[in-house]
K.L.:
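Provided herewith is a single structure, encoded as structure tokens, for subsequent inquiry.
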Amino acid sequence: MTDHRFSIAPMMEWTDRHCRFFHRLLTRRARLYTEMITTGAVLRGDRARLLGFDPAEHPVAVQLGGSDPRALAESARICADLGYDEINLNVGCPSDRVREGRFGACLMAEPALVGECVAAMKAAVPIPVTVKCRIGIDDQDPEESLDTLTRTVVAAGVDALIVHARKAWLDGLSPKENRDIPPLDYERVYRLKRAWPALPVAINGGIASVEQATAHLAQLDGVMMGRAAYQEPWRLLAVDPLVYGSAAPFASPKAAIEAFFPYVERELARGTRLHAMTRHILGLFHAVPGARAFRRHIATHAVKPGAGIAVLRDALDHVVDARAELAHIAA
Ligand SMILES: Cc1cc2nc3c(=O)[nH]c(=O)nc-3n(C[C@H](O)[C@H](O)[C@H](O)COP(=O)(O)O)c2cc1C
């Protein structure tokens, strides 16, 4: 069975391959998700750019956006051939653009179609197929909407369900508001798990720390963290010790970022701009002397044309390594 104990959410514009590589330096075990990629982009876009990833990212799941079973099956096959570990279907995004394409959260109102999509993908690939959904949309009764969706996707062979524990309100709220305003209902997700004990269920929404994540694990199979993981990546160093009982990959955020250097140099040599990588690391230091200066240095210099690895080195010079500081205090 796929291990969903801790994952980092799919986030458009955020969880690109540079971000995922960086997160992998902070946790060896968390499951990483791509940004949502539409079937149109998979089938007709620049696949190397849209779907390329580094082998270090495993386990890594691709999230697809679409609602045509044949296009999803073909896209899933392409992604499985590229080496992704899981195919995830987006049944939670509320944006107008996505809604016009008849996918994302509006599919909560079309459970039979979601079932067909899952069945088609399952038939096409040997890897797990999962769904990320909401508890309901608009005036749906979440008891009913989530149960109905679950019944159809379980019948179609879904391998896990990841539930963002709030409704999406499709009229009147922006996607950003739809991540904050509809109230969270964790109990609804716990009830779902109790009703479907054999189905792996992960919870998402408003989980602010790894400690909170472990509390949910008493009731559920997994936790998916989004904004807290991205904005405060230092938290991820606690994932392997607290969730998996294994050592953190590095003893401090500073040590982790030093291990990012070879990747950054390799990517710079391939023509990737420094900013494309460093924009993901701004929140790395917390409660460490020099954290603000680090952020400011990167924000000012990494965007300049031709910015190189020296910007990152100089930014890091502002930061006192927590370990060094502790050793100093101990001495
Ligand atoms: C910038 C941003 C982009 C997002 N893009 C996606 C996406 O592509 N697919 C998706 O299923 N959810 C997307 N989400 C929603 C997150 O995956 C997650 O469900 C939501 O942020 C709630 O979790 P959190 O409170 O831990 O952040 C996005 C969220 C943010 C902040």
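No experiment lies behind these values; they were computed from the predicted model shown. Numbering of ligands and ligand atoms starts at 1, following listing order. For the single chain, residues carry numbers from 1 onward in sequence order.
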K.L.:
Would you mind checking if K122 and D159 are paired as a salt bridge, meaning a charged N to carboxylate O distance below 4.0 Å?
P.N.:
yes
K.L.:
By salt bridge (charged side-chain N to carboxylate O under 4.0 Å, His left out), which residues pair with D54, not counting sequence neighbours?
P.N.:
R266
K.L.:
Which pairs would a plain distance check flag for residues 237-246, meaning a side-chain donor or acceptor within less than 3.5 Å of a matching protein atom at least two apart in sequence or in another chain?
P.N.:
residue, atom, partner, partner atom, Å
D240, OD1, T27, OG1, 2.7
D240, OD1, R29, N, 3.4
D240, OD2, R28, N, 2.7
Y244, OH, F6, N, 3.2

K.L.:
Flag the pair D147 and R188 as a salt bridge only when some basic side-chain nitrogen lies within less than 4.0 angstrom of an acidic carboxylate oxygen.
P.N.:
yes
K.L.:
List of N/O pairs, ligand 1 versus protein, all under 3.5 Å?
P.N.:
residue, atom, partner, partner atom, Å
ligand 1, 5 (N), M12, N, 2.8
ligand 1, 8 (O), M36, N, 3.3
ligand 1, 9 (N), Q63, OE1, 2.7
ligand 1, 9 (N), N90, ND2, 3.3
ligand 1, 11 (O), Q63, OE1, 3.4
ligand 1, 11 (O), Q63, NE2, 2.8
ligand 1, 11 (O), N90, ND2, 3.4
ligand 1, 11 (O), K132, NZ, 2.9
ligand 1, 12 (N), P10, O, 3.4
ligand 1, 12 (N), K132, NZ, 3.1
ligand 1, 14 (N), P10, O, 3.4
ligand 1, 17 (O), P10, O, 2.8
ligand 1, 17 (O), K132, NZ, 3.0
ligand 1, 19 (O), K132, NZ, 2.9
ligand 1, 19 (O), H164, ND1, 3.4
ligand 1, 19 (O), N204, OD1, 2.6
ligand 1, 23 (O), N204, ND2, 3.0
ligand 1, 25 (O), G206, N, 2.7
ligand 1, 25 (O), R227, NH2, 2.8
ligand 1, 26 (O), G226, N, 2.8
ligand 1, 27 (O), R227, N, 2.8
ligand 1, 27 (O), R227, NE, 2.8

K.L.:
Can you run down the ring pair (Phe, Tyr, Trp, His ring centres under 6.0 Å) pairs that involve residues 126-168, sequence neighbours left out, and say none if there aren't any?
P.N.:
none
K.L.:
Taking R47 first and then D81, would you say they form a salt bridge - that is, a charged N and a carboxylate O separated by under 4.0 Å?
P.N.:
no
